[in-house]
Amino acid sequence: MQNGHGRKKHGSVRASKNKHKKTASELQVRIKAANDAHSQHSHNSTSDDSADNSDGILTTSTASPNAKTTSTTSSKTSDRMMRKPSSPMAPPFMVSAPGKVIVFGEHAVVHGKAAMAAAISLRSYLLVTTLSKSHRTVTLNFRDIGLDHTWDIDALPWDLFHHPSKKKFYYDLVTSLDPELLDAVKQHVADVSKDKPDEIRKIHQSSATAFLYLFLSLGSPESHAAIYTLRSTIPIGAGLGSSASVCVCLSTALLLQIRTLAGPHPDQPPDEAEVQIERINRWAFVGELCIHGNPSGVDNTVSSGGKAVLFRRGDYSKPPTVTSLPNFPELPLLLVNTRQSRSTATEVAKVGALRKAHPEVTDKMLDTIDQVTTSAHTLISSPEFENNRDAALEQFGTLFRINHGLLVSLGVSHPRLERIRELIDYGNIGWTKLTGAGGGGCAITLLRPDADKDAIRELEAKLDEEDFERYTTTLGGDGVGVLWPAVLRNGTDEEGGEEIDQQKFENAVGNDGIERLVGVGGGGQKRDGWKFWKRAGSWTR
Ligand SMILES: Nc1ncnc2c1ncn2[C@@H]1O[C@H](COP(=O)(O)OP(=O)(O)O)[C@@H](O)[C@H]1O
Ligand SMILES: C[C@@](O)(CCOP(=O)(O)O)CC(=O)O
């Protein structure tokens, strides 16, 4: 089946303006109703199960990560129905998660060395619109890739996903996909974009697989009909973690819908926030498993918690060691996409082959990259970084340059990446390195604080002329955030802001259009309304 109910002919849902636009008091009634339903839930339930698909979205929850279901689903469901004779319809809400860059240590991290990765200000935005109970469909409307598919909720393989031998709960740690479940999902994904060219269909089906696997794992046959509309400012497949960001959005939205996330709110204790982030991260990793097969987990870790991490995977049979870098500076960064397609696997294999042919030399280079990463970590951990920022940036930039040189020596650069570096070096604008697997994809440039404005303008013109794509971003921003309900003060509505218009969101033009409409930065200052889970200062796990 294709377009869902209640949607316009072009595939979007757009309740009439009058119907969707609420006054502040109407909204407050809806929010209060949802919160009342929640406090009932909080008082009456210390456990959670995925049958709890009430339609209220909660901003607080007492569901314990350790709580286990002891009674049967059906008795709990009937209990709940007695407690909540009428549950309010959830307002549309939005979640957003950032992309990432690997700042230091790509490729070396494959060989057990450290990598430093940070969130970027490019983000994905997922609008969740709950439909009334008369609808029984779930729609994925991923505009950037032209995916628009609707499933009948009642036709999905709930029995298999809820079989006692298979059932996973929101607090479970899932580190691999169940082949039987994946197979069942694939059967329901086979119809997605069937008539599109292979390349496009593959992308659509991998996104759909991630969504359905999560929806079936976390939802229930009673799940409300909903539309999940996604826009992203992250270039796809350029090594900036677009897939992880999408998976973090999906995981967060679904966990919110089953009321298993507390917050985010400004007074939330960091330990509690940490539990929520980790819960989101675990399920996002499951989505990444669907898209990538064997992700390291660094992308979803950074996208969930934001800021920056030091990541090391010494022993592949064990979980990685992840250290948060709470003092990671917000750095001015230019991100340039070569638009050169590349395969991570091919680039990783190149380094593997070099290591075989020249083990000592290659290992020395990998060790040196490890030292570069460690030096960068020491630098940003020192109070000197802020006290003498210009000098510290110079050192940090030099480490960028060294890391890039080593990656060139490892054979994973590309003439288009070298062209970017050349243009930037000529203008003395900053320090450049490739980010991610190389062989194409993106380069990052740390801009000199005193870079000549004319030289920057000239560079931008050259990059445009030579068909590079450039983004301005900042390193080390927030992780996943929630806008609930999906109301922003975009317009002149003094009372309570304006509900995000589904059609405007779908049709926002380019990254600027998306940012202006819903962006967590709103194209400048941080925007009121968006809330983020804030991790404890520093931690290692
Ligand atoms: N804006 C988006 N809309 C829908 N799906 C997306 C979007 N961005 C990424 N994806 C999903 O993630 C996949 C790209 O992942 P990948 O090749 O690893 O690139 P990246 O390194 O940017 O994560 C796509 O094939 C698609 O399934
Ligand atoms: C080369 C590598 O270190 C980074 C690859 O990053 P990306 O797929 O280009 O985002 C591989 C890895 O860490 O798994």
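Everything quoted here is computed from the prediction, not taken from an experiment. As the structure lists them, so they are numbered: ligands from 1, and atoms in each ligand from 1.
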Q: By number and element, which atoms of ligand 1 are closer than 4.0 Å to a non-hydrogen atom of G241?
A: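 Reading through ligand 1 atom by atom, the close ones are 20 (P), 21 (O), 22 (O), 23 (O).
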Q: Please list the nearest protein heavy atom to atom 27 (O) of ligand 1 with its residue and the distance rounded to 0.1 Å.
A: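 Nearest neighbour among protein heavy atoms for atom 27 (O) of ligand 1, to 0.1 Å: S207 OG, 2.8 Å.
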Q: Record the part of I203 in heavy-atom contact with ligand 1 below 4.0 Å; permitted values are side chain, backbone, both and neither.
A: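 Looking at I203 and ligand 1, atoms from backbone and side chain both fall under 4.0 Å.
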Q: Ligand 2 and A437, any nitrogen or oxygen pair closer than 3.5 angstrom?
A: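 By distance alone, the answer is yes.
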Q: Using a strict 4.0 Å cut-off to heavy atoms of D144, name the atoms of ligand 1 that fall inside it.
A: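 Result: 1 (N).
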Q: Nearest protein heavy-atom contact for atom 16 (P) of ligand 1: which residue, which atom, what distance?
A: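 Ranked first by proximity to atom 16 (P) of ligand 1 is H292 CE1, 3.6 Å.
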Q: List every atom of ligand 2 that sits less than 4.0 Å from any heavy atom of E106, numbering the atoms from 1 in the order shown and giving each element.
A: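 Near E106, meaning under 4.0 Å from one of its heavy atoms, ligand 2 has 3 (O).
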Q: How far is atom 19 (O) of ligand 1 from its nearest protein heavy atom, and which residue and atom name does that atom have?
A: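 Here the closest protein heavy atom is G237 CA, 3.1 Å.
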Q: Examine the side chains of S245 and S303 and answer whether a donor and an acceptor come within less than 3.5 Å of each other.
A: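 Their side chains do not contain a donor-acceptor pair, so the 3.5 Å distance test is not met.
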Q: Using a strict cut-off of 4.0 Å, indicate which atoms of ligand 1 neighbour a heavy atom of V246.
A: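 Answer, ordered by atom number: 6 (C), 7 (C), 8 (N).
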Q: When the ring planes of F215 and F211 are compared, do they come out parallel, tilted or perpendicular, using 30° and 60° as the limits?
A: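 Answer is parallel, since the angle falls under 30°.
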Q: Please report the shortest heavy-atom distance between R123 and D478, naming the atom on each side.
A: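 Looking at all heavy atoms of both residues, the shortest contact is NH1-O, 3.0 Å.
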Q: With no hydrogens and no angle check, just 3.5 Å: does a side-chain donor-acceptor pair link R143 and N507?
A: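 N507 and R143 do have a side-chain donor-acceptor pair below 3.5 Å.
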Q: Could you list which atoms of ligand 1 come closer than 4.0 Å to a heavy atom of S206?
A: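 Contacts of ligand 1 toward S206, numbered from 1: 25 (O), 27 (O).
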Q: Q205 and S193: side-chain donor and acceptor closer than 3.5 Å?
A: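 No, S193 and Q205 have no side-chain donor paired with an acceptor closer than 3.5 Å.
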Q: Side chains of E418 and H404: is there a donor and an acceptor less than 3.5 Å apart?
A: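 Checked: E418/H404 side chains pair up, N/O donor to acceptor below 3.5 Å.
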Q: Where do L334 and R470 come nearest, in terms of heavy atoms and distance?
A: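 Looking at all heavy atoms of both residues, the shortest contact is CD1-CB, 4.3 Å.
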Q: Taking both backbone and side-chain atoms of D299, is any N or O found less than 3.5 Å from an N or O belonging to ligand 1?
A: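 It does not: no N or O of D299 is found under 3.5 Å from an N or O of ligand 1.
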Q: Could you check atom 9 (C) of ligand 1 against the protein and tell me its nearest heavy-atom contact, residue, atom and distance included?
A: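 Ranked first by proximity to atom 9 (C) of ligand 1 is S242 OG, 3.1 Å.
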Q: Which of the numbered atoms in ligand 2 are below 4.0 angstrom from a heavy atom of V109?
A: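 Result: 3 (O), 13 (O).
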Q: Quick one: does ligand 2 sit under 4.0 Å from the side chain of I102, the backbone, both or neither, non-hydrogen atoms only?
A: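 I102 to ligand 2: side-chain contact only, backbone stays beyond 4.0 Å.
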Q: Give a yes or no on whether a salt bridge exists between K113 and D363, defined as a side-chain N under 4.0 angstrom from a carboxylate O.
A: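 Salt bridge between K113 and D363, a charged N being under 4.0 Å from a carboxylate O: no.
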Q: Can a salt bridge be assigned to the pair K166 and E180 using a cut-off of 4.0 Å between side-chain N and carboxylate O?
A: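 Yes, this pair counts.
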Q: Any N/O of S243 closer than 3.5 Å to an N/O of ligand 1?
A: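 Between S243 and ligand 1, an N or O pair is found under 3.5 Å apart.
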Q: What part of V110, side chain, backbone, both or neither, has a heavy atom within less than 4.0 angstrom of ligand 2?
A: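 V110 to ligand 2: side-chain contact only, backbone stays beyond 4.0 Å.
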Q: Give the atoms of ligand 1, by number and element, whose distance to some non-hydrogen atom of S232 is under 4.0 Å.
A: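 Every atom of ligand 1 under 4.0 Å from some heavy atom of S232: 1 (N).
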Q: Does a side chain donor of either N141 or D148 reach within less than 3.5 Å of an acceptor in the other side chain?
A: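 Short answer, no.
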Q: Consider ligand 2: state whether an atom of it lies below 4.0 angstrom from any non-hydrogen atom of K100.
A: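 K100: in contact with ligand 2 (<4.0 Å).
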Q: Taking only Lys NZ, Arg NE, NH1 and NH2, and the carboxylate oxygens of Asp or Glu, determine whether D198 and R201 approach each other closer than 4.0 Å.
A: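 Salt bridge: yes.
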Q: Could you tell me whether some N/O pair between H107 and ligand 2 is separated by less than 3.5 angstrom?
A: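 Yes, there is a polar N/O contact under 3.5 Å.
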Q: Would R339 count as a cation-pi partner of F468, with NZ or CZ less than 6.0 Å from the six-membered ring centre and within 45° of the ring normal?
A: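 No; the conditions do not both hold, so R339 does not lie above the ring face of F468.
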Q: Between A238 and ligand 1, which part of the residue brings a heavy atom under 4.0 Å of the ligand: side chain, backbone, both or neither?
A: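 The part of A238 near ligand 1 is the backbone, not the side chain.
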Q: Looking only at side chains, do T229 and E506 share a donor and an acceptor under 3.5 Å apart?
A: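 Judged by distance alone, the side chains do not pair up.
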Q: Can you sort out which atoms of ligand 1 are near L230, meaning under 4.0 Å from one of its heavy atoms?
A: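 Those of ligand 1 that fall under 4.0 Å from L230 are 1 (N), 2 (C), 3 (N), 4 (C).
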